[in-house]
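Lettering follows sequence order; numbering is per chain, from 1.
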Number of protein chains: 4
Amino acid sequence: MNARSTVSLVGDTGRGNEAAILNAALEAFGAKGFHGASMRDVARGAGTSLSNLYNYFPSKSRLLAEVLRHANDELVTRLHVAVDEAGDDAVSRMREAVRAYVRFVVDHQLAMVVSTNEVRYLDGEDRERLVVDRDATQAVFEQIVAQGAASGEFRTPHPADAARTVLSGLAGVAQWYRPDGRLSRGQLAEQQARYALALLESPLAH
Amino acid sequence: MNARSTVSLVGDTGRGNEAAILNAALEAFGAKGFHGASMRDVARGAGTSLSNLYNYFPSKSRLLAEVLRHANDELVTRLHVAVDEAGDDAVSRMREAVRAYVRFVVDHQLAMVVSTNEVRYLDGEDRERLVVDRDATQAVFEQIVAQGAASGEFRTPHPADAARTVLSGLAGVAQWYRPDGRLSRGQLAEQQARYALALLESPLAH
Amino acid sequence: MNARSTVSLVGDTGRGNEAAILNAALEAFGAKGFHGASMRDVARGAGTSLSNLYNYFPSKSRLLAEVLRHANDELVTRLHVAVDEAGDDAVSRMREAVRAYVRFVVDHQLAMVVSTNEVRYLDGEDRERLVVDRDATQAVFEQIVAQGAASGEFRTPHPADAARTVLSGLAGVAQWYRPDGRLSRGQLAEQQARYALALLESPLAH
Amino acid sequence: MNARSTVSLVGDTGRGNEAAILNAALEAFGAKGFHGASMRDVARGAGTSLSNLYNYFPSKSRLLAEVLRHANDELVTRLHVAVDEAGDDAVSRMREAVRAYVRFVVDHQLAMVVSTNEVRYLDGEDRERLVVDRDATQAVFEQIVAQGAASGEFRTPHPADAARTVLSGLAGVAQWYRPDGRLSRGQLAEQQARYALALLESPLAH
DNA sequence: TATGAATGAGCATTCATTCAT
DNA sequence: CATGAATGAATGCTCATTCAT
């Protein structure tokens, strides 16, 4: 009941082996880390030749950047859909945001882990771009917290700090989650939502 | 007022260059990651020759293990002192535990970051030993949460899950903390304590 | 008249630098021994880069194994041709076998020396394979001795022991032979044949 | 009946750890070859520290030289004793020489193997000295063969060549001998003596 | 004698990347 | 797009040797 076969992060891009390479890179970076994984590892995983990698990505670093971009895009998309479909109050919106985040972590744990652990190895320009994209996610949460603080739904002071702490906890899920764990995907999402709302000192939450 | 010059994690061990090597390794692994940093980097940082490193540690992997062991020992020691000196109620104990943890993160952020990011590169045996040691820390938090749940101080269900989430958030601090940030060390500790108690649904906490 | 420029052991294999690498390895291992010669020595001798060696052979040990395999193949081939072309009696067959062996030693002394001295450094699996191949050579001699013993051509008891001793002496030739020595290739072969037949106690031999 | 526990080549020299070091070096060079064995291996085997080795021998190369010198001294001594105690005729003398040689091979196989395989790694001067010492051994055999050729006991022409071939075969014994083999030490010696005399075309030998 | 710490050179091997085809 | 061969730089690690004690 609990099982959920992880699905490839990147679907066919309409460009030959591109998706296979990106997914193999995700796998390799996830298993051995950016510096621990070699381009040969990636090529082997993608079922293509080493040199062919360079027909798609000009460098290992750019390959990592693309992997992380795809991961972040997927997360952001899910987040926006969830928040848009939620009710108007901050509690509902936060609950849906947390749920969506947790579901992403469960569906694409490896992508989440790699995103967390390997950003630091991005080249300057790519790093900055990703930081900006990540800030968008953070902004979603901050805005909800701020809304709740204004409406009295959340009593925590310093909305930005609190939002960051909530996100820290959510990102942390990827580090310990195991698909065969006690909680189902839905239960895990529910639990994390409760933690978030409690942390934000929502008087109605429990 | 906010500044606090980070102090070496490892003090003189009474064995030649050992402390210098451990501290240089921490620095190097922190800056470039385990696989990104070379033994030459470590040697340079320690002011000794590459080959001399191997008179102290038989491999890069064992060097990492020793760095992480020292870091964890320091954290565990601080934690136990803090909890022992706290009052008897769960709220006080949790507050002190969180404060001690945050102070460790601030004092030894690099050690904390490396501990979080590079454990995965430990060899089998070393990995297991560290996991055991880490579980001791987790046990401290779990026990406090369980105590609070029993006494009614915390209303959160599933003490173990909640404790893990609190710890996730605290470990996360090391990833974004900057010494020149808005909050002083004490304020940061206070804030995190509040988040933790709120998350645990302590009715008296705020 | 005596000179005979040693010819490369390995001819073009149709795969880029492979033959050049094998021959350079033979030269290097012969000059400095397996552990005394470095892959850099081999690369230099083959006129290619160090790293390119690994596009052909996955390790120094496997490179040695291939060198020895080529050497043994050549010896075995020559031996079989010689014995097949000899008369039916044991004396003729032994004489031709010894002659062929000696000619191989003279033509590929280095290969012979390396085969003798460096087998021990082969990895388990490669070692076993070569031992099997070598046993084939020994079997050729044993069988001839056995035939001669049965027909009365050789009066030595224990054909297997005698065959081994003959082979020991032949292999020993590679250790002291000098191309500028007193005896020509043919004379040397003749002399060794006489020694072998005498050792086997062939009444007609002299 | 066949067993004969190999005894240390070098007995106490009256100089601290010297004998232990020499024997450990023999063991190490025998197991891994001169370049494959490290001074650390030798130190470990001798139960002393790495640096202490240099109080006894100024270099690895000189250590090898001393090992080989001790081995050759023992062989030469045994050989001279055997020949001196033999009768006056060439056949008896040759038989005793071969017997003594074989017994040395059996008693100190490792020393024999190392002598054969690692001489080539000796430094110029040490190499020359050992070659001279070895020539003494060869001279013993040559002289016996020459005597036998003169007296008609041996009918082989070219005494020097024949002597060399006999010695080649004897040295070869060390490469294949196993203490648990079919033949006892005495039987092996007898067999080799028969081979030698046959090779030398001694009409009375069989 | 004996040791532990130190070192510079060297080792086999792997790396990301390039290029001719 | 795809490949196999090629390369220079780097990697973790070991080496014989030295030296202060």
Side-chain angles (χ1 to χ4, degrees), chain A residues 15-18 21 34-43 46-64, chain B residues 15-18 20-21 32 34-43 46-64, chain C residues 15-18 20-21 32 34-43 46-64, chain D residues 15-18 21 34-43 46-64:
Chain A
R15 203 190 159 222
N17 282 324
E18 193 176 39
I21 293 172
F34 177 68
H35 279 122
S38 71
M39 291 297 266
R40 275 167 177 86
D41 290 333
V42 175
T48 184
S49 72
L50 169 61
S51 41
N52 197 27
L53 262 38
Y54 290 85
N55 287 321
Y56 292 87
F57 305 95
S59 71
K60 192 187 182 187
S61 190
R62 290 283 304 124
L63 174 53
L64 172 62
Chain B
R15 204 196 157 214
N17 280 325
E18 193 176 38
I21 293 173
K32 307 190 179 182
F34 178 69
H35 279 123
S38 72
M39 290 298 267
R40 280 163 178 83
D41 291 334
V42 175
T48 186
S49 70
L50 168 62
S51 46
N52 197 29
L53 259 40
Y54 290 87
N55 286 324
Y56 292 87
F57 304 95
S59 70
K60 193 186 183 188
S61 188
R62 291 282 302 123
L63 174 54
L64 173 62
Chain C
R15 203 195 156 215
N17 282 325
E18 193 175 38
I21 294 173
K32 306 189 180 184
F34 178 68
H35 280 124
S38 72
M39 290 297 267
R40 279 164 178 86
D41 290 334
V42 175
T48 185
S49 70
L50 169 61
S51 45
N52 196 30
L53 259 39
Y54 290 85
N55 286 324
Y56 292 86
F57 304 94
S59 69
K60 193 187 182 186
S61 187
R62 291 283 303 123
L63 175 53
L64 173 62
Chain D
R15 201 188 159 220
N17 281 324
E18 194 177 36
I21 294 174
F34 177 68
H35 279 122
S38 70
M39 290 297 266
R40 275 166 178 86
D41 290 333
V42 175
T48 185
S49 72
L50 169 61
S51 39
N52 197 28
L53 260 40
Y54 289 86
N55 287 321
Y56 293 87
F57 305 95
S59 72
K60 191 186 182 189
S61 189
R62 290 283 303 124
L63 174 54
L64 173 62

- Query: Looking only at side-chain N and O atoms, does B:T48 come under 4.0 Å of OP1 or OP2 in E:dA6?
  - Reply: no
- Query: Considering every strand shown, what is the Watson-Crick or G-U wobble mate of E:dT21 when both distances are under 3.5 Å?
  - Reply: F:dA2
- Task: To the nearest Å, give me how far apart CG (C:N52) and C1' (E:dC19) are.
- Result: 13 Å
- Query: Please walk me through it: do C:H35 and D:F34 pass side-chain contact (heavy atoms from CB on, under 4.5 Å)?
  - Reply: CA-CA 8 Å; C:H35 280 124; D:F34 177 68; over 6 Å; no
- Item | CG on C:N55 to OG on C:S49, rounded to 0.5 Å | 8.0 Å
- Would you mind reading off the distance between C:I21 atom CD1 and F:dA6 atom C1', rounded to a whole angstrom? 11 Å
- Message: What is the distance, to the nearest angstrom, from the CG atom on B:L63 to the C1' atom on F:dC13?
- Response: 13 Å
- Item | Distance-only donor-acceptor test (3.5 Å): side chain C:S49, base F:dG8 | no
- Message: Using a 4.0 Å heavy-atom cut-off, does B:A43 contact any base of the nucleic acid, only the sugar-phosphate backbone, or nothing at all?
- Response: nothing
- Task: Could you tell me whether a side-chain N or O of B:Y56 sits under 3.5 Å from a main-chain N or O of B:N17, the two making a donor and an acceptor?
- Result: yes
- Task: Would you confirm whether C:K32, through its side chain, and C:D41, through its main-chain N or O, come within 3.5 Å as a donor-acceptor pair?
- Result: no
- Message: Whole angstroms only, please: what is the CG-C1' distance between D:L53 and E:dG4?
- Response: 15 Å
- Message: Pick the closest DNA chain F nucleotide for C:R15 and for B:M39 by heavy atoms, then say which residue is nearer the 5' end.
- Response: C:R15
- Query: Looking at F:dA10, does its base get a donor-acceptor pair with the side chain of B:R40 below 3.5 Å?
  - Reply: no
- Which one, F:dG8, E:dT13, F:dG4, comes nearest to the side chain of C:S59? E:dT13
- Query: Should F:dC15 form a Watson-Crick or G-U wobble pair with both distances under 3.5 Å, which nucleotide is its partner?
  - Reply: E:dG8
- Task: Taking only the side-chain nitrogens and oxygens of C:S38, find out if one of them lies under 4.0 Å from OP1 or OP2 of E:dC11.
- Result: yes
- How many angstroms lie between CG in B:L53 and CD1 in B:I21, if you round to the nearest 0.5 Å? 4.5 Å
- Task: Start with the C-alpha distance between C:M39 and C:L63, add both sets of side-chain angles, then the distance that settles side-chain contact (heavy atoms from CB on, under 4.5 Å), and finish with yes or no.
- Result: CA-CA 10 Å; C:M39 290 297 267; C:L63 175 53; 4.2 Å; yes
- If you check every side-chain atom of A:Y56, which of E:dA2, F:dA16, F:dC1 has the closest atom? F:dC1
- Note on the structure: Separation of F:dC15 atom C1' from D:F34 atom CZ, nearest Å, is 12 Å
- Message: Distance criterion of 3.5 Å, no angle test: do you see the side chain of C:N55 paired donor-to-acceptor with the base of F:dA5?
- Response: no
- Query: Once you round it to whole Å, what is the distance between P of F:dG12 and CZ of B:R62?
  - Reply: 17 Å
- Query: Quick one: which of F:dG12, E:dA2, E:dC19 gets closest to the side chain of D:N17?
  - Reply: E:dA2
- Message: Could you tell me how far apart C:L50 (CG) and E:dC11 (P) are, to the nearest whole angstrom?
- Response: 10 Å
- Message: Quick check on DNA chain E: between C:P58 and B:G47, whose nearest nucleotide comes earlier from the 5' end?
- Response: B:G47
- Value in whole Å for how far the C1' atom of F:dG12 lies from NE2 of B:H35: 10 Å
- Message: From C-beta outward on A:Y54, which listed nucleotide comes closest to its side chain: E:dT13, F:dT7, E:dT18?
- Response: E:dT18
